[in-house]
Each structure stands twice: as structure tokens, then as C-alpha cells.
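Report on the structure given below.
We count ligands from 1, going down the list as the structure has it; atoms in each ligand are counted the same way.
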Amino acid sequence: MENAATAATAARTVPAVIVAIDGPSGTGKSSTSRAVAEQMGLSYLDTGAQYRAMTWWMVHNGVDVSDPAAVAAVVDKPEIVSGTDPSAPTITVDGVDVSGPIRTPEVTAKVSAVSAVPEVRARITGLQRALAAAAAQGIVVEGRDIGTTVLPDADLKVFLTASPEARAARRSGELKGADVHTTREALIKRDAADSTRKASPLAKAGDAVEVDTTELTLLQVIECVVTLVEEKRAAK
Ligand SMILES: Nc1ncnc2c1ncn2[C@@H]1O[C@H](COP(=O)(O)OP(=O)(O)OP(=O)(O)O)[C@@H](O)[C@H]1O
Ligand SMILES: Nc1ccn([C@H]2C[C@H](O)[C@@H](COP(=O)(O)O)O2)c(=O)n1
């Protein structure tokens, strides 16, 4: 009983904090956000996984993803559920675990087209805001438009960057020796599509802290963001 009371008091004294982490592909958003959330007892949401899950469903159901009207017509059909425990994040579509299938080259090649459709963004933004509002201790949400559109009142906004060469080297290492040049071109193409779409493009919020990770190790980036979150928490 005493322990429960102590825990309840501790939970009350640590203010919930909302952290938005945005940036182009391969800058370290997922790795950093997940680690920061784990270290600080926060929830974690990978919004790219939600757009990938929507894309996976479209492909799986034979929807022509190059036709925005066809995509918009079925946007409410899939039930997309994200688990926000940073030690074991999950993503399901209609009850099916899609954490593997959403990372295929086919989904990666099609996700920018699907995520550019305004009806897709409206639906997924609603899911994201509901999850952030439900996170009792706070949450780290990572993506492309979190600081600008999804959570414009976030306590802390971070925009991660890195040179295309560093990002391609990281990704090709992850993809077990995939050609760095091809990986670099694919990253640049996806970033261009994500940055130039009309609906909620990839952009740095005016009040975001920019961190160039090119010359930093992942541990250094995590440490940097943890310090920024601690400062925000202390000021609350
Ligand atoms: N500072 C860093 N130094 C070296 N490797 C890193 C660094 N940050 C991340 N990585 C590695 O780079 C790869 C891509 O990182 P991560 O998936 O976190 O990027 P991301 O920004 O979330 O990418 P995407 O938007 O494409 O999902 C991972 O293998 C990760 O371990
Ligand atoms: N907030 C977000 C998050 C992601 N997307 C789109 C654009 C990306 O190319 C794609 C996949 O994201 P990743 O898994 O690489 O982080 O999803 C977006 O439009 N908005």
C-alpha cells in the first residue's frame, strides 16, 4: 500500500513532457527517440510506421497508390493500432502484426505517395494526437511534421539532420551492404517527395532545436536529447 502511495506521489511530481522529433530519413529519429523514451520513462510513437502500415494495407488490397482519389476513398477502412511501449513498440493493421511487412522495399517506394494524400494525413494525425493525449508520463513522437502540425504545442521540438553520405552509409550498413550510391539516391528522392508535398511537408518548426548528427555517435545524440528534455522538465 505504502509503495503504491509513494509511486503515485512520484508520478505526480514528474510533469508529463511532450517531445517532437522530426527530420529526414536516416538521421537517427527512431533510434534516438526510442532510447530517450526508454531512459526517461516516456511513451514512444514512430509515426513513419503508421504511414507505412496504411501503405501496406493499400498494396495488400490492390489499391492504385498513384491515384490519390482511390487512396482517399478507402482511408477509413484499415484499423491501425500502435503500441507505444519503447521497449517493445508494436504496429498492427486489422489485428495483424505488420512490423516486418511495412519495411519491404515495395512499401518504402510507395509510402511517400500515400502519405501525400490529405485524407491519409488527417486520419493518421488524429490517431497520433489521441495517443499523445493518452500518454500519462508524456511521449516522444518522431516523424516529419510532428513539431509543425501534429503537436505544435510540444514542450520540446528537435530537428535531426545529417549529410546524405552519412545517412546512406548508416542505411546501407543496416541493409547488410546495400550499395551506398543507390541508397543515397533513394533517400534523396524520398526526402524530396516528403519535403515538397502540399499537405504538411517535412519541415523544421521555427522553435525546433536543430542537431546535426553527421559527426556524432548515436549515444552522443541520445545524450544531447536527454539533456534537452531534462531542461524542459525542470522548467515546468
Ligand atoms: N548518430 C549516429 N551514428 C551512427 N549511426 C546512427 C546514428 N544515428 C542512427 N544511426 C543508425 O542509422 C540507422 C538509421 O537510424 P534510424 O532508423 O533511427 O533513422 P530514422 O531517422 O528514424 O530513419 P527513417 O526516417 O528512414 O525511419 C540505424 O541503423 C541506426 O542505428
Ligand atoms: N510524420 C510523418 C512520418 C512519416 N511520413 C512518411 C514519409 C516517409 O517517407 C514515410 C516513412 O517514414 P519512415 O519510416 O522512413 O520514418 O512516411 C510522413 O509523411 N509524416
Side-chain angles (χ1 to χ4, degrees), residues 20-37 44-56 58 65 80 82 86 89 91 98-99 102-118 120-129 131-132 140-151 154 157-176 178 180 183-184 186-203 205 211-225:
I21 302 198
D22 291 300
S25 294
T27 50
K29 299 181 301 295
S30 301
S31 324
T32 305
S33 302
R34 201 173 155 184
V36 169
Y44 160 67
L45 179 62
D46 173 357
T47 63
Q50 296 176 305
Y51 286 100
R52 286 172 179 273
M54 180 67 86
T55 304
W56 174 84
M58 297 282 166
V65 301
I80 298 172
S82 303
I91 179 113
V98 292
S99 49
I102 63 171
R103 307 283 165 196
T104 61
E106 185 182 17
V107 170
T108 301
K110 292 179 172 167
V111 65
S112 289
V114 172
S115 57
V117 176
V120 169
R121 302 208 72 80
R123 167 117 201 268
I124 290 183
T125 297
L127 298 178
Q128 293 161 354
R129 288 181 177 151
L131 287 167
V140 183
V141 184
E142 54 108 346
R144 303 292 190 291
D145 63 336
I146 310 306
T148 53
T149 303
V150 179
L151 301 169
K157 300 178 187 177
V158 177
F159 194 80
L160 297 183
T161 62
S163 70
E165 290 69 29
R167 297 189 285 126
R170 291 171 189 174
R171 274 273 173 255
S172 51
E174 208 177 38
L175 301 171
K176 307 228 176 357
V180 180
T183 307
R184 180 181 178 277
L187 282 177
I188 290 174
K189 190 175 165 206
R190 188 147 62 95
D191 289 344
D194 295 341
S195 309
T196 55
R197 67 175 176 236
K198 280 202 181 121
S200 200
L202 159 66
V211 179
D212 183 346
T213 72
T214 307
E215 302 292 338
L216 301 179
T217 65
L218 178 56
L219 281 180
Q220 286 173 321
V221 182
I222 294 166
E223 212 174 278
C224 168
V225 176

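When only non-hydrogen protein atoms are considered, atom 20 (P) of ligand 1 lies nearest to Lys29 N, 3.5 Å. Nearest protein neighbour of atom 28 (C) of ligand 1, counting heavy atoms only, is Glu174 OE2, 3.2 Å. Looking only at protein heavy atoms, the nearest one to atom 18 (O) of ligand 1 is Ser31 OG, 2.5 Å.
At a heavy-atom cutoff of 4.0 Å, ligand 2 is surrounded by Thr47, Gly48, Tyr51, Arg52, Arg103, Val111, Ser112, Ser115, Arg121, Gly143, Arg144, Asp145, Ile146, Arg190, Asp194, Arg197.
Nearest to atom 8 (N) of ligand 1 by heavy atom, out of Thr213, Leu218, Asp191, is Leu218.
Under 4.0 Å from ligand 1, not a single heavy atom of Ala162 appears. Contacts between Leu160 and ligand 1 below 4.0 angstrom, taking non-hydrogen atoms only, are absent altogether.
Near Leu216, with a cut-off below 4.0 Å to any heavy atom, the atoms of ligand 1 are 1 (N), 2 (C), 3 (N). Contact atoms of ligand 1 toward Pro24: 21 (O) (distance under 4.0 Å to a heavy atom of the residue). Ligand-side atoms of ligand 1 in range of Gly28: 8 (N), 9 (C), 15 (O), 16 (P), 18 (O), 19 (O), 20 (P), 21 (O), range being under 4.0 angstrom from any heavy atom. Near Arg170, meaning under 4.0 Å from one of its heavy atoms, ligand 1 places the atoms 1 (N), 2 (C), 3 (N), 4 (C), 5 (N), 6 (C), 7 (C), 8 (N), 10 (N), 12 (O), 13 (C). For ligand 1, the atoms closer than 4.0 angstrom to any heavy atom of Arg144 are 25 (O).
Scanning all heavy atoms of the two residues, the minimum distance from Gly23 to Lys29 falls at O-NZ, 3.1 Å. Of all heavy-atom pairs between Pro201 and Ser195, the closest is CB-O, 3.3 Å.
Applying the salt bridge (Lys or Arg N to Asp or Glu O under 4.0 Å) test to Arg190 and every residue at least two apart in sequence or in another chain returns nothing. For Asp194, the side chain to side chain donor-acceptor pair (under 3.5 Å) partners are Ser112, not counting sequence neighbours. Glu165 pairs by the salt bridge (Lys or Arg N to Asp or Glu O under 4.0 Å) definition with Arg184, not counting sequence neighbours.
Rounded to the nearest 0.5 Å, atoms OG1 (Thr125) and CD (Gln128) are 5.0 Å apart. Separating the CG atom in Leu127 from the CZ atom in Arg129 is a distance of 11.5 Å, to the nearest 0.5 Å.
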CA sep, side-chain torsions, deciding dist, call: Ser25, Arg144, side-chain hydrogen bond (donor to acceptor under 3.5 Å, both in side chains): CA-CA 9 Å; Ser25 294; Arg144 303 292 190 291; 3.2 Å; yes
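Heavy-atom separations between Ala166 and ligand 1 are all 4.0 Å or longer. Residue-ligand proximity: Gly48 is placed with every non-hydrogen atom at 4.0 Å or more from ligand 1. Residue contact annotation: Arg167 has no non-hydrogen atom under 4.0 Å from ligand 1. Ligand 1 has at least one atom lying under 4.0 Å from a heavy atom of Arg171. At least one heavy atom of Arg190 sits less than 4.0 Å from an atom of ligand 1.
Side-chain polar atoms of Ser172 and Thr183 form no donor-acceptor pair below 3.5 angstrom. A donor and an acceptor atom, one from each side chain of Arg52 and Ser99, are nowhere located under 3.5 Å apart. Judged purely by distance below 3.5 Å, without hydrogens or angles, the side chains of Arg170 and Ser31 never pair a donor atom with an acceptor atom.
With respect to the salt-bridge test (charged N to carboxylate O, under 4.0 angstrom), the residues Asp191 and Arg167 qualify.
No side-chain donor-acceptor contact under 3.5 Å links Ser33 to the backbone of Val140. Looking at Asp22, its side chain does come within 3.5 Å of a backbone N or O of Asp145 through a donor-acceptor pair.
On a distance-only criterion, Thr27 and ligand 1 share at least one N/O pair closer than 3.5 Å.
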